[in-house]
Every structure is written in C-alpha cells, then in structure tokens.
Visitor: 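Here it is, the structure, as structure tokens.
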Amino acid sequence: MAVQDPIIEALQKFTTCDVSDALCKLQFPNGGFLSGLTMWSPKRQEGDTKIVGPAYTVKYVPLDDPSPSHPTHYIDSIPAGAVVFVSCPPRTPNAVYGSLMSARAKASKAVGSVIDGRFRDLQEQRDLGFPVFARDVGTAPPAQLVKVVATNVPVELQNDEQDLTINPGDYIIGDINGVVVLPKHLAEAVLPLMARQVAADSQMAVAIQEGMSFSEASKTYRS
C-alpha cells in the first residue's frame, strides 16, 4: 500500500483561501493563487470537490517551436495521487485536453487535472466525475497548433497578470474558490500558519455573530 504524503493529508483540512492567506504571510506572490483557473467538472463552480496533490506538469509549445515533440504520450506516465497540470501557450483557441485524457488519468489514480488553457468534452468529463479546472472550454483538438515537448519540467502560468512558476512536485490545491500552487519547500512552514489562522478566524466568526465589531474581533483574536 502506498504511503500517504503527510503534507497532502494535512492540506485536506484547509481551503485554497487558507493556503493563500498563509503564503501571503510568507511573502509568496499572490498567495500562490493561479488567476483564471476555475472548476468545470464534476460541476461548474459548485459543490465540495477538492483536489490536493503534487504537480505532474505537461508543457505544450507552438508547432513552430524547434524543440522536439515528447517521445511518448504524457497521459500514460501520470503517477498515482498527482494533479495533472497542463501548460499551453496563451490565447490558444484549440483545446489541449479531452475526456480520454481524464479517463486515463482517473485510471492512473490521479486526483484531478488543471488546464492552463482550454479543454473539451465537458459532458463526458462530468460523466466521469473527474475534477477538471481550466481557463475555458473549446471544441478543436490541439494538433493543428501546439505539441507537447516535455513533462515534469517547470512551467510558467500563462496569463498577463502574474509571473508564477509551477514546478514538478509543487502542491496544487483546487476547490470552488480557485487553484493555488504551494511550493514544496514552503509546505512545512505553511501548515502551522494555517492552523493558527483558521482557529483565530473561527473565534472571530463567533464573536462577530454575537455582536462584536470586526475591528475588535480582529484585535482580540488575530493580534
């Protein structure tokens, strides 16, 4: 039986907002939030679906990039427990991920996929019950425009708002609030920060409901 990563087990108790709050305390940019990536499957921004796992990265580049194509299909090398993180050049209109990819990922015991670009086969994805987070949907397959050149390499978030890198093995957390990257080297520092912060916020919530002002509750429980 595979040994559960204690970091993953501990992260299951917290939301993406909790992780971001703690990362902000450590001065990590944007609290690790990956802008524009939202839940599409098994439901659209609804329910308690949550994914936590180490990133298995996939790098797509334009067809005219001189790098050779990856020699095998990335989907057949996904480790159990991983989050598939697919990076695609910005403003690519074609989808780079479909339902057969999710079928294989699910069979490999991946916990979910995050597509920094478009994906397709939305209904089939939902029928599988496999978690998919992405920028948007599409209909056309990727082969006309892009190719996979590497797996398990650092990839850059593909938007104009942020400058963030997702490294293989970084923890990816996704829920109804969005997707966060937790750098592996910061994970042990983040856990106690989150525990204290969640406990303080729970006390604040009770106090505010009982009539205390936000400012007073914050001073009492967060200082």
Side-chain angles (χ1 to χ4, degrees), residues 34-45 49 51 53-174 178-181:
L34 303 180
S35 177
L37 301 175
T38 56
M39 185 195 305
W40 292 83
S41 174
K43 295 181 179 179
R44 176 65 174 141
Q45 289 297 98
T49 294
I51 61 172
Y56 169 84
T57 61
V58 179
K59 184 176 182 179
Y60 272 93
V61 299
L63 284 182
D64 60 3
D65 187 291
S67 303
S69 296
H70 195 263
T72 60
H73 203 296
Y74 74 86
I75 206 69
D76 289 323
S77 304
I78 299 170
V83 173
V84 182
F85 191 96
V86 178
S87 175
C88 162
R91 293 176 292 282
T92 298
N94 291 30
V96 293
Y97 185 88
S99 62
L100 293 177
M101 304 302 99
S102 283
R104 183 70 176 106
K106 184 176 182 179
S108 299
K109 302 189 184 310
V111 298
S113 293
V114 178
I115 315 305
D116 192 2
R118 296 177 184 270
F119 77 108
R120 67 180 194 165
D121 308 323
L122 178 55
Q123 188 57 56
E124 290 91 334
Q125 304 279 4
R126 291 177 175 172
D127 291 344
L128 284 168
F130 190 73
V132 177
F133 295 73
R135 292 202 175 278
D136 210 337
V137 291
T139 60
Q144 288 181 327
L145 300 177
V146 291
K147 61 185 179 182
V148 175
V149 296
T151 61
N152 272 337
V153 295
V155 294
E156 301 293 324
L157 186 68
Q158 300 296 321
N159 71 20
D160 298 327
E161 301 173 341
Q162 296 172 281
D163 182 17
L164 282 178
T165 299
I166 297 87
N167 292 292
D170 283 349
Y171 294 103
I172 301 293
I173 307 96
V179 181
V180 170
V181 59

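Predicted model, so just to flag it, every value in this text is computed and none were measured.
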Visitor: Flag the pair Asn167 / Pro154 as yes when at least one side-chain heavy-atom distance between them is below 4.5 Å, and no otherwise.
Guide: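 Side chain of Asn167 against side chain of Pro154, heavy atoms only: contact under 4.5 Å found.
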Visitor: Would you tell me whether Thr139 and Arg118 have side-chain atoms, one donor and one acceptor, within less than 3.5 Å of each other?
Guide: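 Result is no, nothing qualifies.
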Visitor: Got a second to check how far Thr57's OG1 is from Asp170's CG, nearest 0.5 Å?
Guide: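 It is 9.5 Å, given to the nearest 0.5 Å.
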Visitor: Of all heavy-atom pairs between Tyr97 and Ser102, which one has the smallest distance, and what is that distance?
Guide: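 Tyr97 and Ser102 have their closest heavy atoms at OH-OG, 2.8 Å.
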Visitor: Verify, without hydrogens or angle tests, whether Asn152 (side chain) and Pro168 (backbone) share a donor-acceptor contact under 3.5 angstrom.
Guide: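 Not a single qualifying donor-acceptor pair exists.
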Visitor: To the nearest 0.5 Å, what is the distance between CE on Met101 and CD1 on Ile78?
Guide: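 So the gap between those two atoms works out to 9.0 Å.
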Visitor: Any donor-acceptor pair under 3.5 Å linking the side chain of Gln125 with the backbone of Gly98?
Guide: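 At least one qualifying donor-acceptor pair exists.
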Visitor: Are the side chain of Tyr60 and the backbone N or O of Leu145 linked by a donor-acceptor pair below 3.5 Å?
Guide: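 Checked: no pair found.
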Visitor: Given side chains that start at C-beta, do those of Val179 and Met39 come closer than 4.5 Å, heavy atoms only?
Guide: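 When only atoms from C-beta onward are counted, Met39 and Val179 do not touch, as no gap falls below 4.5 Å.
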Visitor: Has the side chain of Trp40 got a donor or acceptor atom that lies under 3.5 Å from a matching backbone atom of Ala134?
Guide: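 Yes.
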Visitor: Apply side chain to side chain contact (heavy atoms under 4.5 Å, CB included) to Asp116 and Arg135, showing your working.
Guide: CA-CA 6 Å; Asp116 192 2; Arg135 292 202 175 278; 2.6 Å; yes
Visitor: Would you say Val83 and Phe133 make side-chain contact, with heavy atoms under 4.5 Å?
Guide: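 Counting from C-beta outward, Val83 and Phe133 never come under 4.5 Å.
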Visitor: Using a 3.5 Å distance criterion without hydrogens, assess whether the side chain of Gln162 forms a donor-acceptor pair with backbone atoms of Ser35.
Guide: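 Such a contact is found between Gln162 side chain and Ser35 backbone.
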Visitor: Which pair of heavy atoms, one from Val96 and one from Tyr74, lies closest together, and at what distance?
Guide: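 What the structure gives for the nearest pair is O-OH, 4.1 Å.
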Visitor: With a 4.5 Å heavy-atom cut-off, do His70 and Val149 have their side chains touching?
Guide: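 SC-SC contact between His70 and Val149 ruled out.
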Visitor: Heavy atoms, side chains only, cut-off 4.5 Å: are Asp160 and Arg91 in contact?
Guide: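 A side-chain contact under 4.5 Å exists here.
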Visitor: Strictly distance-based, threshold 3.5 Å: is any side-chain N or O of Lys43 a donor or acceptor partner for the main-chain N or O of Thr49?
Guide: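 No.
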Visitor: Heavy-atom count around Asp163 CG within 6.0 Å, excluding the residue itself: above 12?
Guide: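 Counting neighbours around CG of Asp163, 12 or fewer heavy atoms of other residues, nucleotides or ligands fall under 6.0 Å, so no.
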Visitor: Which atom names give the shortest non-hydrogen contact between Leu63 and Ala143, and what distance separates them?
Guide: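 Reported closest heavy-atom pair: CD1-O, 3.4 Å.
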Visitor: Please walk me through it: do Val114 and Ile51 pass side chain to side chain contact (heavy atoms under 4.5 Å, CB included)?
Guide: CA-CA 10 Å; Val114 178; Ile51 61 172; 4.1 Å; yes
Visitor: Within the distance-only criterion (no hydrogens, no angle test), does the side chain of Ser41 pair as donor or acceptor with the backbone N or O of Phe130 below 3.5 angstrom?
Guide: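 At least one qualifying donor-acceptor pair exists.
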Visitor: Which pair of non-hydrogen atoms, one from Asn94 and one from Pro141, has the smallest distance, and what is that distance?
Guide: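 Heavy-atom minimum between the residues: ND2-O, 2.7 Å.
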Visitor: With distance as the sole test, does Gln123 use its side chain to make a donor-acceptor pair with the main-chain N or O of Asp121 at under 3.5 Å?
Guide: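 Such a contact is absent between Gln123 side chain and Asp121 backbone.
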Visitor: Counting only N and O atoms by type, is there a donor-acceptor contact under 3.5 Å from the side chain of Lys106 to the main-chain atoms of Gly129?
Guide: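 Judged by distance alone, no pair lies under 3.5 Å.
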Visitor: Assess whether side chain to side chain contact (heavy atoms under 4.5 Å, CB included) is satisfied between Val58 and Phe85, documenting all intermediate values.
Guide: CA-CA 6 Å; Val58 179; Phe85 191 96; over 6 Å; no
Visitor: Under 4.5 Å between any side-chain heavy atoms of Lys59 and Val148, yes or no?
Guide: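 The answer is no; the side chains never approach within 4.5 Å.
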Visitor: Find out whether Gln45 and Thr38 are in side-chain contact, i.e. whether some heavy atom of one side chain is under 4.5 Å from a heavy atom of the other.
Guide: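 A side-chain contact exists here, since the closest heavy-atom pair is under 4.5 Å.
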Visitor: Enter the distance from Leu100:CG to Ile75:CD1 here, rounded to the nearest 0.5 Å.
Guide: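 The CG atom of Leu100 sits 9.5 Å away from the CD1 atom of Ile75.
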Visitor: Which atom pair, heavy atoms only, marks the closest approach of Ala55 to Ile172?
Guide: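 Closest heavy-atom pair between Ala55 and Ile172: CB-CG1, 3.7 Å.
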Visitor: With rounding to the nearest 0.5 angstrom, report the CG to CG distance, Leu34 to Asn159.
Guide: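 The CG atom of Leu34 sits 8.5 Å away from the CG atom of Asn159.
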Visitor: Could you tell me the separation between the CZ atom of Arg120 and the CG atom of Asp136, rounded to the nearest 0.5 Å?
Guide: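 One finds 15.0 Å between CZ of Arg120 and CG of Asp136.
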Visitor: Got Ile166 and Ser87 here, is their nearest side-chain heavy-atom distance under 4.5 Å?
Guide: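 No, every pair of side-chain atoms sits at 4.5 Å or beyond.
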